[in-house]
Enquirer: 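Quick one: the structure is below, questions incoming.
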There are 2 protein chains.
Amino acid sequence: MSDVGIRDVAARAGVSPGTVSNVLNRPEKVSPATRAKVEAAVRELGFVRHGSASTLRAGHSKTIGLSVIDIGNPFFTDVTAGVEEVASDLGYAVILSNSAGSRAKEERNLLVLAEQRVRGVLITPSDEDLDRLDRLRARGIAVVLVDHPAHCPDQCSVAVNDIGGGMTAVRHLTDTGAKSIVYVTGPLTIRQCLDRRAGAERAYGRPLPVIEMAAMTPRAGQQAAEKLLSEGDLPDAVFCANDLLALGLMRGLTHAGVRVPGDVAVIGYDDIDFAAASAVSLTSIRQPTHQLGRVATELLLDECDNPATHAHQQIMFQPELVVRESTQGQAGRASFDR
Amino acid sequence: MSDVGIRDVAARAGVSPGTVSNVLNRPEKVSPATRAKVEAAVRELGFVRHGSASTLRAGHSKTIGLSVIDIGNPFFTDVTAGVEEVASDLGYAVILSNSAGSRAKEERNLLVLAEQRVRGVLITPSDEDLDRLDRLRARGIAVVLVDHPAHCPDQCSVAVNDIGGGMTAVRHLTDTGAKSIVYVTGPLTIRQCLDRRAGAERAYGRPLPVIEMAAMTPRAGQQAAEKLLSEGDLPDAVFCANDLLALGLMRGLTHAGVRVPGDVAVIGYDDIDFAAASAVSLTSIRQPTHQLGRVATELLLDECDNPATHAHQQIMFQPELVVRESTQGQAGRASFDR
DNA sequence: CCGGTCCAGAAAAACGTTTCAAATTTGACC
DNA sequence: GGTCAAATTTGAAACGTTTTTCTGGACCGG
């Protein structure tokens, strides 16, 4: 069943297989009359092109790979949605792989992608060692870094200015009156966490006290709250390296009877949907997540489809402060967006 | 570069291409000595099998498709994570497609999957018309329904008992003293929303007042709160068709000065991570989401790898009540999990 | 020492497309 | 009606595997 091949279509339409292939791939090359005949035959027979045969002969596929660190994080989900949109519009299929933070798993996934002969790979690398990506590129697989600036200019990347974001966050906290600030973060081996701290300290003018958690989840945020409470004096404000931590932290504080923002102001990072929806809505640093995915995919597919004219770009988006209740100590609930 | 083929490996190892193929696919068929030679050659040359050629000749691929309704919903994200885990363990790649609730987009995506000659498809159908799936199966592509019971027994499906879940939810509300209850839901064309209502009304003993929103997002939940407030008397409790709605609703109520759970109890559905993390933690009906993805994938791959012995199964999981603060009117914050 | 059995490995034929040079048709123009 | 160039179409050779059929020994019992 369904073993309808291009030659069956050709027979039915009374043309040669080559012509059918042309109708499929370069319709402008074939006369309207023939094209119509072939298209009719395709419909009647329910022909579906065999992607593997096509890939094999043509030397390239219509698929791209996407490798993310944590598919459970709304940040990556949003990126993924953007990627999927663009890819699907251009007829590309997306193979998703989740490295779950494990270098080994990422490596295994990349091998699968290489076997699949994907046209290109979008990746948020799980660590700073990018040799394996150069190996991919040596294989003729385009690579675009997502949420990670490229180290050399012969490669595309799409990132968001984390240093700037960190500065903005802390500047907002001090602007609204905070004197003492604590930085709650995930592993400081993660570039994003490091950069945000760097920016934060630049704006703060001196080192920040740090609470470093192993994960970047609501759970970890709640534990961070306990840690914070056990350390004695509460700071005026807390800057969390992502919203998941911030949401957990707020909950932990609230339960201990600490008022947010009355006693402690909290600012997060990412501006995930739940930041606006939580009971005390969370001030956050918005990243153009969806856009990140879209642009990365556009760059990748441009590199694939127009290798001649393609110019590598390292795009750096600017994050944006979104003020909500969690940092409105006195102003109250003036205006909330969303 | 990287145009290292099986014949290059063969030459290097001093064997025939057929032998290399055997080492790759049936290592037990070849003597240890030769195998070692071949494996060395593979390593030295950096050979990566050409998946398309392999698929073409072998007649089947090492990929499966996953089609979800909304990749932005944590429910589907969790399912996806489960799918990815199992698939990746068994060496399968997952092609992700997001139908975004659009029937047309789903159809386009399924075509791409068919072209890719995926081994099977996991799908949460975007509507009740399942003919297109039968067409896929006629093509020799296995299909497993996810979060949707199969209509006929010649097909695998994995679902959760939504009627039972609805009953559990309302029973919990009445148990904790609620007399009047409102059902806040997404489009009632969605099976899940319908079934949950059916269960709820069965437990309630009579029809429930319904507030039907177009989307199932926090935003829509907040709008539902406004609607509820504008309708005069507040109910004792609200049952929301999913957690996203519930979180938005709670926020809307809280902002209007209504206390949750003091004035109105709220129960959600899905038990997404944020249900536990929100400031007033949300009582919810937990679905074994991750498990759903895992089991569905196991069924699919069993059907693919052991077509002879495979028995179609329609699995129905039972959801589970998770009590948190949003329905603890008087008991206060006794014990909270997570 | 011989005939038969087995096993490892070899050789060649697919799989269903795309591609490209060659062949054919078409159309314009004199 | 004939000629030439342009436009279409054809046909066969790849693409890199897997699979199936064979072959040449090694091994065994008699």
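By convention in this document, chain letters (A, B, ...) are assigned in the order of the sequence lines, proteins followed by strands, and residues within each chain are numbered from 1. Below, each value reflects all heavy atoms present in this structure, side chains not excepted, and no hydrogens, waters or symmetry copies.
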Enquirer: Between A:H50 and B:G14, just flag the one whose closest nucleotide in DNA chain C comes earlier from the 5' side.
Expert: B:G14
Enquirer: Under 4.0 Å, heavy atoms only, any strand: does A:S21 hit a base, just the sugar-phosphate, or nothing?
Expert: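 Base: the residue A:S21, judged by heavy atoms under 4.0 Å, touches a nucleobase.
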Enquirer: Expressed as a whole number of angstroms, how long is the span from B:N22:CG to C:dA10:P?
Expert: 10 Å
Enquirer: Given axes from five pairs at either end, by how many degrees does the helix from C:dC1-D:dG30 to C:dC30-D:dG1 bend, rounded to 10°?
Expert: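 Rounded value for the end-axis angle: 30°.
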Enquirer: Under 4.0 angstrom, heavy atoms only, what part of the nucleic acid is A:T34 near: base, sugar-phosphate, or nothing?
Expert: sugar-phosphate
Enquirer: Rounded off to whole Å, could you give me the CZ-to-P distance for the A:R7 and C:dA14 pair?
Expert: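 Atom-to-atom, A:R7 to C:dA14, this comes out as 12 Å.
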Enquirer: Answer yes or no: does a side-chain N or O of A:N25 lie under 4.0 Å from OP1 or OP2 of C:dT18?
Expert: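 Affirmative; the distance criterion is met.
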Enquirer: Which nucleotide span of DNA chain D, 5' end to 3' end, has atoms closer than 4.0 Å to non-hydrogen atoms of chain B?
Expert: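 The protein-touched segment is D:dG16 to D:dT19.
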Enquirer: Closer than 4.0 angstrom, basic N to acidic O: yes or no for B:E303 and B:R137?
Expert: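 Salt bridge absent between B:E303 and B:R137.
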Enquirer: Side chain of B:Q192, backbone of B:D147: donor and acceptor closer than 3.5 Å?
Expert: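 A pair under 3.5 Å: yes.
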Enquirer: Taking only side-chain N and O atoms of B:T19, does any of them lie within less than 4.0 angstrom of OP1 or OP2 on C:dG9?
Expert: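 So the side-chain polar atoms of B:T19 never come under 4.0 Å of the phosphate oxygens OP1 or OP2 of C:dG9.
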Enquirer: Taking only side-chain nitrogens and oxygens of B:R57, does any of them come within less than 4.0 Å of OP1 or OP2 of C:dA13?
Expert: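 B:R57 to C:dA13 OP1/OP2: no side-chain N or O under 4.0 Å.
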Enquirer: For A:P32 and for A:A58, locate the closest nucleotide of DNA chain D by heavy-atom distance; then report the residue assigned to the nucleotide nearer the 5' terminus.
Expert: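 Comparing both residues, the 5'-ward one is A:P32.
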Enquirer: For B:R7, is the CZ atom crowded, meaning more than 12 foreign heavy atoms sit under 6.0 Å from it?
Expert: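 At most 12 heavy atoms, drawn from other residues, nucleotides or ligands, come within 6.0 Å of this atom.
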Enquirer: Establish, from distance only, whether the side-chain atoms of B:D154 and B:H312 form a donor-acceptor pair under 3.5 Å.
Expert: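 On atom types as modelled, these side chains do not qualify, holding no pair under 3.5 Å.
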Enquirer: Measure from CZ on B:R35 to P on C:dC7 and round the result to the nearest Å.
Expert: 16 Å
Enquirer: So, A:K62 and B:E115, do they make that salt bridge, N to O below 4.0 Å?
Expert: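 No, this pair does not count.
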Enquirer: Run the salt-bridge test on B:E39 and B:R43 with the 4.0 Å N-O cut-off and return the result as yes or no.
Expert: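 The answer is no: the pair does not qualify as a salt bridge.
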Enquirer: Is the side chain of B:S99 donor-acceptor paired with the backbone N or O of B:V68 at a distance under 3.5 Å, no angle test?
Expert: yes
Enquirer: When the distance from NZ of A:K29 to P of C:dA21 is rounded to whole Å, what number comes out?
Expert: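 So the two atoms are 13 Å apart, to the nearest Å.
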Enquirer: For a quick check under 3.5 Å, do A:H151 and A:E128 share a side-chain donor-acceptor pair by atom type?
Expert: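 The answer is no; no qualifying pair exists.
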Enquirer: Between A:R294 and A:D89, does at least one N-O distance fall below 4.0 Å, as a salt bridge requires?
Expert: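 Result for this pair is no, no salt bridge flagged.
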Enquirer: Roughly how many Å is it from CD1 in B:I6 to P in C:dA12, rounded to a whole number?
Expert: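 Taking atom P of C:dA12 as the reference, CD1 of B:I6 is at 16 Å.
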